[in-house]
Amino acid sequence: MMSMLGLQGDRSHAPVTSMCFNQQGDLLLAGYGDGHITVWDVQRSSSAKVITGEHTTPVVHTLFLGQDSQVTRQFKAVTGDSKGLVLLHAFSVVPLLNRFSIKTQCLLDGQKTGIVLSASPVLFDEFSGGASLSSHGNNAVSSSSLGSMMGGVVGGDAGWKLFNEGSSLAEEGVVIFVTHQTALVVRLTPTLEVYSQLSKPDGVREGSMPYTAWKCMTQSRSLPGENVPVEASERVYLLAIAWDRKVQVAKLIKSELKVYGKWSLDSAAIGVAWLDDQILVVLTSTGQLCLFAKDGTVIHQTSFSLDGYGGDDLVAYHTHFINIYGNPEKAFHNCIAVRGASVYILGPMHLAVCRLLPWKERIQVLRKAGDWMGALNMSMTLYDGQAHGVIDLPRTLDAVQQAIMPYLVELLLSYVDEVFSYISVAFCNQFEKMEPLDNPNGRSSSVHSEIKEQYTRVGGVAVEFCVHIKRTDILFDEIFSKFVAVRQRDTFLELLEPYILKDMLGSLPPEIMQALVEHYSSKGWLQRVEQCVLHMDISSLDFNQVVRLCREHGLYGALVYLFNKGLDDFRAPLEELLVVLRNSQKESAAALGYRMLVYLKYCFSGLAFPPGQGTLPPTRLPSLRTELLQFLLEHSDPPNSKAVSSLSSGGAYLNLYHLLQLDTEATLDVLRRAFVEDEIPKPKLSSHDSAYENTEPKMENDNGCQNILVQDTVNSLIFILNRDISQTERSDSEDVSGLVEEWPSKKDIGHMFEFIAYYVACERANVSRSVLSQILEYLTSQNNFPTSVSSHHITSTRREKQVLALLEVVPEIDWNASYVLGLCEKAQFYQVCGFIHTIRHEYLAALDSYMKDVDEPIHAFSFINKTLLQLSDNERAIFQSAVISRIPELVDLSREGTFLLFIGHFNKEGLHILSELRSHPRSLFLYLKTVIEVHLSGTLNFSSLRRDDFVDPSDGIRLKDQSKGLEAYLEKISDFPKLMRNDPVEVTDDMIELYLELLCQYEPGSVLKFLETFDSYRVEHCLRLCQEYGIIDAAAFLLERVGDVGSALLLTLSGLDSKFVELDTAVGNVVSDVALSSAADTKHLRTVLNMKEVNEIRNILNACIGLCQRNTPRLNPEESETLWFRLLDSFCEPLIYSYGDERVSRGENHVPLLTESSVSHEDEACIVNWRISKSHRGAHILRKLFSQFIKEIVEGMIGYVRLPTIMSKLLSDNGSQEFGDFKLTILGMLGIYGFERRILDTAKSLIEDDTFYTMSLLKKGASHAYAPRSPVCCICNCLLSKNSSSFSIRVFNCGHATHLQCEVPENEASSRGASSGCPVCMPKKKSHKARNKSILAENGLVSKFSSRPQHSHGTNILHPHESDALENFYGLQQISRFEILTNLQKDQRLVQIEHMPQLRLAPPAVYHERVKKGTDIFTGESSNGLAKIEKQSKSKQLRELRVKGSSLRFPLKSSIFGKEKTSKR
């Protein structure tokens, strides 16, 4: 039925601007454009009440609050107009007369509060039936408080008292009011209460319209999974605010509002509504309808525009609001509504309806389109509860799954039927086409394989879907029947395997399992069946059937799994496997035996078998180990093998013997895992004195039982050893003749001996004296060691530890000390020998034994430390004297340990020890080296002495010597740094020179580093030593230190000629070898660059470049150029003469170390005699190599020597030669020079522009007229205009003014350094002026006399203290940068080179840190002007500076190398 509500007389022509139904739907509140309000009776199609005079502008907000009572018919409503006036109306209806009485209260006036742009209430039905919003904790506020939150209010408290009379909690209502800047959430009934205030988000366009929407959701107050009635749930109210492109979602719980979601849109929002409590609908100005989750996740986005509509015709709007700029703003309020799953969008001339499809229709759409995979995927998404936008399903996941399950089953069966029918039709047509072909058999096989593949795909989809929805009963019932019907039973069974192995199918029905086993057995895929059994739940299997199958087909892994998991029986599988092992052939028995060993290893380690099945319960592990060990030690029948037939003839035969015979080493390793537990203590290797204290430890019952098993196992092994040693000896002789070696072999016996020795040392087993003697003989026998050196050393060390551990725990009466000592000396077990000598109180013999152990010297020093502390005075003196006599040997053993021994016990015997070391120079050198290291660093590196304890790789157990002596010594080592801090070592000059002499003998490569570290030595003496022992780098360093740079360079270059000869030979060999392979020249050059000879020459070259770079700053330009060019000539001469055939012999061209006499014969000295021969096969490679060397020299020279000078040198030396080798070098230099000139020109231009701009500002400031800011003098505080006409006034640019007469006493009272300027502002700028070069004109002034104008009194005076500060800040620089650059540009020669900072455009050189002396004055592009005038005095100063503080003086000549070589050519 449709009713027309619009007949109001004259008011019928006013447009409806807003409307709202009450909750019952029988009343309609409508607001009109002329400001009147009408309450329509929908049932009677007539107006019930017309309200006029309240609003004068269009009513844009109408909303009911709460639910009106059906008995009293009392309700409230809120209306608001476009001017911001918001009114609260209370309606009372007389049911019989149908009369309305209205009471109106003003909430917001719109003048002070701002215009309400959006208002939305929480609907009353969302409040009923649940917990009401609590007002506790929020005091009820008056209307003035509401107005204060929004900006102002009209009305008082009287009206509220009238409304509140007769109110109840059922009449409460919550509303959000939004203005241009603020959103306010308030409760209007029964009392006014402000809940929260939200500000406009950042980035929102000014004047944009906000849109709001509420939604109620139920939140359980109980734990998840509990069934809670609706009354016990808590109502939570969601608020969505869309403001321009910003969206906010807040949650209102009771009276607290929290914003928990924010996101941005691509375009402005024009409407917002809740589809349900999980989905928010947002309309945008571009015609997009967006669905969002509560957290802002985009669910769906689509366009809601219709054909023929676009732009402003999409959504209805009004322009009654005026934005802050005075322009009308479009408002799209009331344009969107939600009913169920439909979204209604109101347009100007149409109504658009968007419907959210129910879950079943979504699947059906995909199904009708033929997208079965999409339909099934959608079904699984719904089943998992992950589908978005579904509003027609229950809230709980269990209820959802129960509701959709029948349809999912029907969907799957329909999919299988349809695809099966398609396959049958498609391939029937192919079979019909195959009949006329000549070879139908081959075609038929391919078609059958294709058919099987199609059915496999369908079956895979069905399996995954059924497993996902947990309905495997459908899979093995209906779907399996369908596969059987189309004769694809085997295909279905085979496709189950991958899902079983992925643990997706954990159980199979018995009939399916039977069919699977039969099919795979017929195919011979029994191993695959075993893997499937291992991944299945045993409770779902026919246990007897599967066990029988495993026995018949040898599936022993599955058999073990079944017994372990199904029956918790770990022994039965071993029994069955052992029976099979005894009756099997050798090859199959070996494989089965190793499987038994793996099974035992897993069980003893607490792991489930087969691998990957997890771990065993820790509580089950002790009993399991005992059970399996008892089985291994039980009697058994001998195997079907001739190798051990003699074992069964003489007595009992144990189950363990089968495994020992198979692999003795692996079996013993498995047994070790059975005896290792966290509760079992590690072997305790105590000293002899405390070895037998408390010999019966208190152990728990389980450890006691396990030790019994250990003893039983040891006894079993001893039984084999005692019984079969003779047989082993016979087998050895037979093995030599080529016969098969019988068990046990000598290697197997050795493994058993080591096993027994280990547990005897652990005090977990006991053996007789004879067995102990055999074990000791085996461990000390050299014949049992491996042949390789590394393995021999490891085995020897391990066995030495075993012997030592045995002797420490076994009573001395059980072994013969002398006999064992002989064995250990023969086996070189020095630690054991020392232990035996110690227990026999033979301390010197023990010391000698420990000193022979060079691999672990810590035992010798710990023994000395312990013995010196334990012996009496007389014995101690004798032992101390013996130790001092062995000091040289101790130093060779460990110099760190000897030094620690010296400071600990022989601190007063220093002279005696040095006298002992005098006859052993090598030992003396090591001792002094240790003293020097301690002096420099304060500590020592004891890594060579303090080595990690040996770890037995077979046992994985540490065998430590935890004696008190060793622990005390280790503690002493750790306290060594603290001891050195308290009592540092003193080193005398004599010790340093003695050490330097020994260092030259034994470590010549470390001399240079030592000289760089120490300063307190005689240079003359050290230089003589370096010359005597031929240490070139150290001698060059000393020559450089005393200032003889030329001799240092010649000395460094002295070995260059021999290096060139070696390079010549090496390049010739390489070129001859590579030439055979026809490789390219680039390959030749790469090979040569990586040669050792090239690296040696490059090291010399780098050392010479560094020498020149370090010393160039303190030499005059001519000397530095001569130094560089001498280096350059050394590498240029072989290249320049490479075109001649004459060649100097390649013999020794050794140049002796230079002395003062050699310097005087520089003219005749020729450092490099070698030349590149033109006939050499690698001449072109050598020329390229030397070109690179020269390039490196030139690059190092740039920044130290002027580029034109370098160019002149290269051109003059190579003017008659080809420039191919120097082309790249010259081009690079020209590029660098051009780059520097461009930088210089650019800098000059920038400085000129900056100077012009600065001078313009200064001129403008100086010519500007100033006016005083106050008529009072800032010094005397008197008026500036005094009666006397002789007073003059000074006005500063800051605005202050003074009398000139007042400034005179002020300046006199101040310090001399006070500069002229404003007396008020100058103190503030004092810190700035100290940094300036002069006082500029910006602090100048303009003077004005009362009678006539005067000139400025501002000056640029530089006071003495400012001059000092400038010199301290700038150093020697007294020339402006502009003047320097100008002189460089004009190439003037009037600059003090000493005072000119260098223009460094090249990378800075690395300076020698130890030799950097003198002033940090750098030279750039040198000139000849005033620099030549002061050259003589400067050279004298430099020479005095170099030789100061040195006992050796080398005069620095102006020409270091004599005449230029170019003059001779």
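Just so it is clear, the values below take in all heavy atoms, side chains as well, and ignore hydrogens, waters and symmetry mates. Remember, it's a predicted structure, so these values are computed and weren't measured experimentally.
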Interatomic spacing from [atom1] in [X] to [atom2] in [Y] - rounded to 0.5 Å:
X	Y	atom1	atom2	result
D853	L893	CG	CG	8.5 Å
E1119	R1114	CD	CZ	11.0 Å
L1056	N1169	CG	CG	11.0 Å
L1038	L1023	CG	CG	5.5 Å
H1180	L1085	NE2	CG	9.0 Å
I1181	L1063	CD1	CG	10.5 Å

Could you check if a side-chain atom of [X] sits within less than 4.5 angstrom of a side-chain atom of [Y], using non-hydrogen atoms only?
X	Y	value
D1033	T1052	no
I1206	W1124	no
R1098	F1189	yes
S1054	L1051	yes
V1094	N1090	no
K1184	V1088	no
I932	K929	no
E997	F925	no

Do the rings of Y995 and F1010 sit parallel, tilted or perpendicular, given the 30° and 60° boundaries?
perpendicular
Describe, in one word, how the ring planes of F1186 and F1131 are oriented to each other, choosing from parallel (under 30°), tilted (30 to 60°) and perpendicular (over 60°).
tilted
How far apart are the closest heavy atoms of [X] and [Y], and which atoms are they?
X	Y	value
P977	T939	CG-OG1, 3.7 Å
I1105	G1196	CG2-CA, 4.3 Å
V891	S923	CG1-O, 3.3 Å
C1022	L996	SG-CD2, 3.1 Å

Under the 3.5 angstrom rule, does the side chain of [X] hit a backbone N or O of [Y] as a donor-acceptor pair?
X	Y	result
D1064	F1060	no
E1062	E1093	no
D1044	E1040	no
T1013	K1009	yes

Taken in chain and number order and not counting sequence neighbours, the residues that satisfy ring pair (Phe, Tyr, Trp, His ring centres under 6.0 Å) with Y1017 are none
Residues at least two apart in sequence or cross-chain that pass ring pair (Phe, Tyr, Trp, His ring centres under 6.0 Å) with F899, listed by chain then number, are none
Output, in order, the C-alpha distance, side-chain angles, deciding distance and verdict of side chain to side chain contact (heavy atoms under 4.5 Å, CB included) for N1102 and E1192.
CA-CA 9 Å; N1102 293 332; E1192 293 179 12; 4.2 Å; yes
Take L1011 and R1041 through the test side chain to side chain contact (heavy atoms under 4.5 Å, CB included) and record every step on the way to the result.
CA-CA 11 Å; L1011 294 175; R1041 179 172 179 179; over 6 Å; no
Would L940 and E933 count as a side chain to side chain contact (heavy atoms under 4.5 Å, CB included) if you check the C-alpha gap in whole Å, the side-chain angles of each, and the deciding distance to 0.1 Å?
CA-CA 7 Å; L940 282 176; E933 288 181 4; 3.7 Å; yes
Indicate whether the side chain of R1024 and that of H1021 have a donor and an acceptor atom separated by less than 3.5 Å.
yes
Quick one, E1133 with R1126, criterion salt bridge (charged side-chain N to carboxylate O under 4.0 Å, His left out). Give me CA distance, side-chain angles, the key distance, then yes/no.
CA-CA 11 Å; E1133 290 174 356; R1126 174 68 269 179; 3.7 Å; yes
What's the verdict on side chain to side chain contact (heavy atoms under 4.5 Å, CB included) for L994 and L924, showing C-alpha distance, side-chain angles and the deciding distance?
CA-CA 10 Å; L994 177 60; L924 179 60; 4.1 Å; yes
Ion pair present between E1118 and R1202, side-chain N to carboxylate O less than 4.0 angstrom?
no
